[in-house]
Amino acid sequence: MTPIEASAQLSDGGGLRTERLLLRLPEATLAPALRDYYLRNAEHFAPYCPRRPPGFHTVEAWRERAVVQREASLAGYGLHLLLSSSQGPANEIIGDVNVTNIIRGAFQAAYLGYELDRAHVGKGLMHEALLASIAHVFAHLNLHRLMANHVPSNERSGRLLRRLGFSVEGYARDYLLLDGVWKDHVLTSLLNPHFRA
Ligand SMILES: CC(C)(COP(=O)(O)OP(=O)(O)OC[C@H]1O[C@@H](n2cnc3c(N)ncnc32)[C@H](O)[C@@H]1OP(=O)(O)O)[C@@H](O)C(=O)NCCC(=O)NCCS
């Protein structure tokens, strides 16, 4: 199966399911839920995000971003997944997983990002979401390396990556401009043992 066929299957099949979660591609109809998710978590995510421009938290802006992210996922340029609780309301978003900057050629690698609603941290949900996401990415997008980087003080994120098998590969000074400040990052990655050359 090609990456494009795998993303189409993800879309047609209604997403990935885990014991407690549904992970699905963004779509325009989810714009109000996306706006609510990012707005209620604005303070929680702020230390790990670029500063948001005026108008960022509007339904219209989220509709446009949802369309762009869905198209990128279906074209195989990235993978954007929205998390909902299997027990909760289907249209409530409680987290997101993003695979971006997919580079093919000799590299076959991409960056992994993730965020979880403040109310759901500490239940093992992101671990569950990432296990399923990484399995999908390695099996169907056939990437060789997933890179995930975190600020040194983000111990929760560091613990999560270590539990998933990511190895620390380095330390980058002034790596990302987050919340208006250049922040150092711990660089980690996970290799795909089943990569098909
Ligand atoms: C990073 C982030 C996603 C981690 O969320 P999380 O809920 O801690 O992640 P996990 O799914 O690994 O959950 C682990 C915690 O759940 C607990 N837990 C409870 N039930 C569990 C279960 N059934 N299975 C596994 N862990 C469980 C674990 O003990 C652990 O808690 P502890 O760290 O206090 O020991 C979250 O803190 C977040 O969104 N932060 C803001 C954004 C951010 O930092 N993004 C990443 C930037 S690099």
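Starting from 1, each residue takes its place in the sequence as its number. In listed order, ligands and their atoms are each counted from 1.
Per-residue contacts place N149 under 4.0 angstrom from the following atoms of ligand 1 (heavy atoms of the residue considered): 48 (S). Short contacts between ligand 1 and H44, defined as distances under 4.0 Å to a heavy atom of the residue, involve ligand atoms 38 (C), 39 (O), 40 (N), 41 (C).
Under the side chain to side chain contact (heavy atoms under 4.5 Å, CB included) criterion, N98 pairs with H80, D96, T100, not counting sequence neighbours. The salt bridge (Lys or Arg N to Asp or Glu O under 4.0 Å) search around E169 returns R145, not counting sequence neighbours.
Annotation: R163 places an N or O atom under 3.5 Å from an N or O atom of ligand 1; distance criterion only. Note: no N/O pair closer than 3.5 Å links H120 and ligand 1 by distance alone. Polar contact with ligand 1: absent for Y48 (N/O pair, distance under 3.5 Å). At least one N or O atom of R156, backbone or side chain, sits closer than 3.5 Å to an N or O atom of ligand 1. Taking any N or O of G122, backbone or side chain, at least one lies under 3.5 Å from an N or O belonging to ligand 1. At a 3.5 angstrom cut-off on N or O pairs, E128 does not count as close to ligand 1. In terms of polar-atom proximity, R159 is counted as a contact of ligand 1, with an N or O under 3.5 Å from an N or O of the ligand.
Atom CD of E43 sits in a sparse spot, with 12 or fewer heavy atoms from other residues, nucleotides or ligands closer than 6.0 Å.
Y77 and M1 fall into different hydrophobic clusters, defined by Ile, Leu, Val, Met, Phe, Trp and Tyr side-chain heavy atoms under 4.5 Å apart, directly or through other members.
No hydrogens or angles considered: a donor-acceptor pair under 3.5 Å links the side chains of Q108 and R104.
Electrostatic pairing of D179 and R51 counts as a salt bridge here, judged by a charged N lying under 4.0 Å from a carboxylate O.
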